[in-house]
Amino acid sequence: MRSLSWAYLVAAFGFIYLPVAALVLFSFQSGGLPVPPFEGPSLRWYADVIGDSDLMGALLNSLVVALFSGAVSVALGFCAAYGLARHHLPGSTLMRAVLIAPMTVSYLIVGLGLLIVLQRAGAGLSLWTVGIGHVVINLPLCFAIIYATMGAQQQNAERAARDLGANEAQVVLLVTVPMLAPAILAAFFLSVTFSWDEFIIAFLLSRFDVTLPVEIWSLLRSGLSPKLNAIGSLVFLISVAGVVALELLVFRKRQ
Amino acid sequence: MNLTREQVRGWGFVAPALVWTLAFFVVPFVVMGAMSLASLDGRTLVWTPSFANYIELSEKAYLVRSIFVSLEITLTVTIVSVLLAYPLAWIIAFRIPPKWQRLALLLAVLPFWTSYVVRSYSWLLVLSREGIVNDVLMGLGLTGEPVTLASTRFATVTGFVHFFVMLLTLTIYANLVQLSPNYRRAAMDLGASTFQTFWHVILPLTLPGIMTGAFLTFVLCIGDYMTPHILGGNNELTVPQVIMLQLGRRADFPLASALAIILMGIVTLAYLGFARWLKLDRI
Amino acid sequence: MTAPVQLRGLNHFFGNFQALKDINLEIAAGEYITLLGPSGCGKTTLLSIMGGFIEPSEGAVLIGGKDTTRVPPARRPTTTVFQDYALFPHMTLRDNVAFGLRMAGANRRDRHRRADEMLALVGLEGGGAKRPHELSGGQRQRVALARALAVDPDVLLLDEPLGALDLKLRRAMQDELKSIQRRIGTTFVHVTHDQEEAMAIADRIVVMNAGRIEDAGPPARIYQKPASLFTAGFMGEMNRIPARRGDSGLETPFGSVNLASPEASSLILCLRPEAIRTTQAGFSIGPARVRDAAFFGTHVRAHFSPDAEPDFVLVAHLPPGRVPDQGEVMTLWADPDSISVFPQEN
């Protein structure tokens with residue numbers, strides 16, 4: 001039983017890491033194709049990536065769109081969660097359902113709908129429209145995470161603060177936000193990641209300025225290349241650094 | 001009254017998010033629904049409502065076929081992913097010492113963070129004619145000719161399963177560890193074997209969690225364009241691929257919208273199916 | 001500081017459910033009041049109305065003679081110690097205790113000095129830099145108390161403040177709460193469902209049931225001469241002996257006794273277990289057989305079947321000398337002064 005468990009674990013990790021290993025290994029390929037045999041280590045493809053101004057521009061675009069749409073999503077999501085969790089509003093069930101709804105719809109459909117409306121309205125496609133689309137898909141997530149965390153514990157602390165003379169702004173800024181900081185941070189981080197990595201909406205709603213996944217996609221049309229391995233490995237490294245940073249940050253927060 | 005003032009303030013907090021969702025999600029969705037009833041005359045849109053697109057969908061073989069391809073792939077992926085992820089989550093939760101669990105879980109889902117576009121591409125490195133698998137097979141002398149693995153349904157399913165095994169391991173693990181260890185102890189204490197404990201106690205208790213994860217897998221899988229496009233080749237097309245084809249080639253928004261509505265319908269039906277299952281389980 | 005509280009004609013509804021029914025109560029400045037009752041009796045609703053968290057459907061709350069019915073919590077001279085303490089987990093103890101003063105605009109040095117004073121008052125001197133999660137339940141309770149007292153309220157409201165503590169700690173904190181209240185003289189209103197806690201701590205107990213005040217008075221009076229059958233039962237173990245009015249006073253299965261009684265066809269005599277004795281007194285119960293008996297340290301608790309009514313079971317607390325044998329026959333009496341009489345409820 002024990003050895004079976006270990007065998008399964010090894011097999012599963014092998015399956016999970018096989019493509020990643022191939023990606024990273026052949027990013028150091030000195031030859032022109034990212035397939036066996038491995039012809040010896042080289043950093044030429046990384047230099048190629050760094051020197052590619054289109055790719056670097058796209059990376060910057062992605063970062064800007066991700067941070068902007070993450071911030072807007074968290075701000076809107078927090079306000080909506082606070083409004084619905086702390087006030088008795090008629091129709092609150094319906095409002096919650098509307099806010100959550102985009103989560104159950106494929107990104108492709110969200111993007112298609114927005115594209116149709118933007119074209120009808122005669123609005124041009126740009127990074128702004130990509131950002132709008134990303135807020136649509138991240139807002140439900142932020143709302144749900146923060147709303148779920150606004151439990152009785154926070155409510156009692158807010159009550160206590162009010163009892164001790166705090167006004168509404170002081171209650172929100174000094175009690176609610178700090179107490180919900182882990183959830184707010186997690187929601188922001190998830191939104192940024194999703195936006196950073198999102199393809200289909202960014203593809204449909206952008207024109208000249210594109211985000212990184214769209215740029216990678218256009219490179220991919222010319223077939224296998226170690227350059228794609230290099231950019232893929234770099235993006236992986238950035239994401240992992242982000243995950244580790246959050247893990248450490250949240251871990252330190254807990255102590 | 002104080003009450004109305006409180007309500008006005010509450011509305012004020014909810015309004016921005018609500019307006020955003022209405023303007024950029026609900027309205028586009030309604031417009032898309034209307035679009036699916038319009039039609040294309042040459043390159044101009046004709047807004048006379050008709051079900052022509054839906055009739056076309058039911059008549060053209062490759063359109064009907066795409067719906068079945070999508071369903072077959074999605075169901076296969078969902079079932080295989082759950083079957084592979086559950087043992088992995090179980091081993092991490094119950095076989096690995098607690099102080100290593102977090103690390104093991106982090107490692108098991110780390111490739112989750114590779115870029116979405118690159119993730120499918122990296123399977124090409126493994127499965128293509130010159131790729132790693134064929135290199136190993138031919139090196140071992142098991143086959144003289146490269147086996148065709150890429151541009152097949154097998155490749156699409158493999159790419160999907162890789163992603164969703166990670167997602168499901170995460171959700172199932174979360175479900176397993178939040179169970180009180182006393183359930184397992186009680187079952188063992190009463191003479192149940194490991195398998196009996198799993199089958200009679202742990203599985204029923206984690207079923208709602210599994211179903212939630214499976215539903216998520218279903219929804220994300222059936223709406224995905226990238227994975228079948230990169231790994232599946234052109235022999236068979238999924239619904240998202242056909243939608244993108246309509247947008248690209250002829251800018252046929254009405255037909256694309258109709259397909260999107262069909263996709264929505266399938267997801268809604270799936271939701272009803274899963275919801276009923278969950279409710280039955282709770283009784 | 002301290003102030004009296006007057007509750008006038010309070011009624012409160014949650015939808016169709018009436019949580020409070022015609023509550024009238026006068027609380028003197030510096031008094032320690034407990035609101036006692038089973039869960040759902042309305043005591044916490046009443047406290048929330050005093051604290052300003054709920055506006056009553058009808059009636060008025062006067063604090064220090066001023067109508068504060070519609071004054072929000074922040075601007076009334078009350079503070080609340082919450083059941084789960086509601087300490088701010090992201091702030092140090094000093095910042096928690098100083099929060100109210102910060103809201104009032106006090107400068108940092110003054111409010112920290114005051115916070116340290118308050119922490120010392122509750123026995124946590126030197127702990128100002130800690131955070132709530134480092135504390136035990138009892139210590140959190142003390143911080144919540146210090147935080148509520150730091151703004152010098154006229155009235156302190158405590159919502160089951162000791163409910164989360166274990167029995168031993170609860171008894172210790174009761175003594176401490178009372179001594180702190182004596183020192184600072186603030187009016188305390190303390191909600192509890194534990195009648196021993198209420199008796200240990202209160203100047204006056206207000207017993208509530210189903211949204212009404214059943215009884216209000218000093219602990220000894222409430223216990224010995226309860227105003228209602230509910231209060232009698234809620235304050236401790238009680239023998240209920242059926243009775244009716246007769247020519248020679250009240251007729252019971254054990255004979256008659258001369259007592260004033262309300263006008264009703266059937267009555268209940270309430271007799272505390274410790275009021276039953278084996279020495280002669282005004283009300284004779286007669287010979288009774290011991291069913292079982294157990295030693296409790298301060299007394300011996302025994303069940304009896306009286307010969308006059310063998311199916312009836314009486315519980316008695318006897319002096320802790322000797323534990324009687326099962327089947328032993330003893331002659332029992334009770335002091336008529338310790339008996340309360342109520343009409344039978346249907």
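Note on naming: letters A, B, ... go to the chains in the order of the sequence lines (proteins, then strands), and numbering restarts at 1 for each one. Heavy atoms only: backbone and side chains are in, while hydrogens, waters and symmetry mates are out.
- Proximity to chain A (any heavy atom under 4.5 Å) is shown, for B:Met264, by both the backbone and the side chain.
- Taking the six-membered ring for Trp and the full ring otherwise, A:Phe15 and B:Trp123 have centroids separated by under 6.0 Å.
- Heavy atoms of A:Phe203 lying under 4.5 Å from chain B belong exclusively to its side chain.
- Most heavy-atom pairs under 4.5 Å with chain B, from the set A:Phe199, A:Tyr8, A:Trp196: that is A:Tyr8.
- Looking at A:Glu198, neither its backbone nor its side chain comes within 4.5 Å of chain B, counting heavy atoms on both sides.
- The contact between B:Ile96 and chain A is made entirely by side chain atoms (from C-beta outward), counting heavy-atom distances below 4.5 Å.
- The closest side-chain donor-acceptor pair between A:Asn229 and B:Tyr121 falls under 3.5 angstrom.
- Counting heavy-atom pairs closer than 4.5 Å to chain B, the top-ranked of the candidates A:Ala81, A:Pro19, A:Gly113 is A:Pro19.
- For A:Leu220, the part lying near chain B is the side chain, with the backbone staying farther off; criterion is any non-hydrogen pair under 4.5 Å.
- Residue pairs meeting the side chain to side chain donor-acceptor pair (under 3.5 Å) criterion with at least one member in residues 73-82 of chain A, sequence neighbours excluded: A:Tyr82-A:Glu168.
- The interface of residues 95-103 of chain A with chain B, defined by heavy-atom distances below 4.5 Å, comprises A:Met95, A:Val98, A:Leu99, A:Ala101, A:Pro102.
- Heavy atoms closer than 4.5 Å to chain A are found in both the backbone and the side chain of B:Leu84.
- For A:Val214, no part sits under 4.5 Å from any heavy atom of chain B, backbone or side chain.
- Comparing A:Ile200, A:Asp197, A:Val117, A:Leu204 by how many heavy-atom pairs each has under 4.5 Å with chain B, the most go to A:Asp197.
- Among A:Ile238, A:Leu112, A:Leu237, the residue making the largest number of heavy-atom pairs under 4.5 Å with chain B is A:Leu112.
- Per-residue heavy-atom pair counts under 4.5 Å with chain A were compared for B:Thr268, B:Leu263, B:Leu107, and the maximum is reached by B:Leu107.
- Looking at A:Ser225, only its backbone comes within 4.5 Å of chain B, counting heavy atoms on both sides.
- Heavy atoms of B:Phe24 lying under 4.5 Å from chain A belong to its backbone as well as its side chain.
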* To do: Apply side chain to side chain contact (heavy atoms under 4.5 Å, CB included) to A:Val110 and B:Phe29, showing your working.
  => CA-CA 8 Å; A:Val110 173; B:Phe29 197 74; over 6 Å; no
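- Interface residue A:Arg86: only backbone heavy atoms are found under 4.5 Å from chain B.
- Put simply, the side chain of B:Gln7 never gets that close to the backbone of A:His87: no donor and acceptor are under 3.5 Å apart.
- Most heavy-atom pairs under 4.5 Å with chain B, from the set A:Tyr17, A:Tyr107, A:Phe26: that is A:Tyr17.
- Annotation: maximal heavy-atom pairing with chain B below 4.5 Å, among A:Ser233, A:Ser92, A:Ala11, A:Ala22, occurs at A:Ala22.
- Both the backbone and the side chain of A:Pro90 come within contact range of chain B, judged by heavy atoms closer than 4.5 Å.
- Interface residue A:Leu84: backbone and side-chain heavy atoms are both found under 4.5 Å from chain B.
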